[in-house]
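Working notes, structure below.
Atom set for the values below is all heavy atoms of this structure, side chains included, hydrogens, waters and symmetry mates excluded.
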Amino acid sequence: MSSQDAEAAGEQVEALLAELRSQAGPQAAATAEELVGCLVELYGAGLARIIELVGEPEVMDKLVADPLVESLLLVHDLHPLDTSARVRRAVEEVLPQLGSHAGDVEYLGLDDTGVLRLRLEQRGCSAETVRDLISKAVAAAAPEAAGVSIELAEPPAELPLLQITRRPAGIQGAR
């Protein structure tokens, strides 16, 4: 099953639950939602056991590299990387796409409301474009966060270039 197929399956589950709510009433919908929750827990426990049995770092790296498996690891809180590491990895992956347009990005942490906070030193193209690309990458890497907030900071002013030239002919030997 591809990532798109999995996403479609998730959307279908949501649609079927909504249909149950509207046609069969709240009790049937609540029972169906409880059933879905139990299945998610069961699959999560199975996935946790698989991770425990496999456990080799090389295999985990391969699992995390697959977007579908990575999303399942995140849903079940089994991802081997913490939020901070995933955010930093996402930023490192998106910066090359921006070339010289993006400056430095600093991860400031998760605030009390669950929002990821970053600081961007803007150097080039539209701040909104850069901010949007970074925000999307970070949100995808940390779906458990309530949102992403990127503050813009001015990069430090560049020092003027000192130009070194020859001394005028009359001052050659003087000190």
Side-chain touch His76/Ile51, heavy atoms, less than 4.5 angstrom
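No, every pair of side-chain atoms sits at 4.5 Å or beyond.
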
Gly44 versus Leu78, closest heavy-atom pair with distance:
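Where Gly44 meets Leu78 most closely, the heavy atoms are O-CD1, 4.0 Å.
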
Where Leu118 and Leu108 come nearest, the two heavy atoms and their spacing:
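Answer, listing the atom of Leu118 first, then Leu108: C-CD1, 4.0 Å.
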
Should Val54 and Met60 be marked as a side chain to side chain contact (heavy atoms under 4.5 Å, CB included) after you check the CA-CA gap, both sets of side-chain angles, and the distance that decides it?
CA-CA 8 Å; Val54 172; Met60 285 304 296; 5.6 Å; no

At what distance, to the nearest 0.5 angstrom, does [atom1] of [X] lie from [atom2] of [Y]?
X: Gln27; Y: Leu20; atom1: CD; atom2: CG; value: 12.0 Å
X: Arg21; Y: Leu16; atom1: CZ; atom2: CG; value: 10.5 Å
X: Glu58; Y: Leu63; atom1: CD; atom2: CG; value: 11.5 Å
X: Asp66; Y: Lys62; atom1: CG; atom2: NZ; value: 12.0 Å

Cluster overlap [X] with [Y], hydrophobic side-chain contacts below 4.5 Å:
X: Val59; Y: Ile50; result: yes
X: Val87; Y: Val115; result: no
X: Leu72; Y: Leu39; result: no
X: Leu74; Y: Leu47; result: no
X: Leu81; Y: Val69; result: no

Any pair counted as salt bridge (Lys or Arg N to Asp or Glu O under 4.0 Å), so long as it reaches residues 34-53, sequence neighbours left out:
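Checked against salt bridge (Lys or Arg N to Asp or Glu O under 4.0 Å) - neighbours excluded - the pairs reaching residues 34-53 are Arg49-Glu52.
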
Which pairs would a plain distance check flag for residues 134-152, meaning a side-chain donor or acceptor within less than 3.5 Å of a matching protein atom at least two apart in sequence or in another chain?
| from | atom 1 | to | atom 2 | distance (Å) |
| --- | --- | --- | --- | --- |
| Lys136 | NZ | Asp132 | OD2 | 3.3 |
| Glu144 | OE1 | Arg86 | NH1 | 3.3 |
| Glu144 | OE2 | Thr83 | OG1 | 2.6 |
| Glu144 | OE2 | Arg86 | NH1 | 3.4 |
| Glu144 | OE2 | Arg86 | NH2 | 2.7 |
| Glu151 | OE1 | Arg117 | NH2 | 3.3 |
| Glu151 | OE2 | Arg119 | NE | 2.8 |
| Glu151 | OE2 | Arg119 | NH2 | 3.3 |

Do other residues, nucleotides or ligands put more than 12 heavy atoms under 6.0 Å from Asp77 CG?
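No, not enclosed.
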
Set of side-chain hydrogen bond (donor to acceptor under 3.5 Å, both in side chains) partners for Thr113, sequence neighbours left out
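With neighbours one apart ignored, the set is Asp111.
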
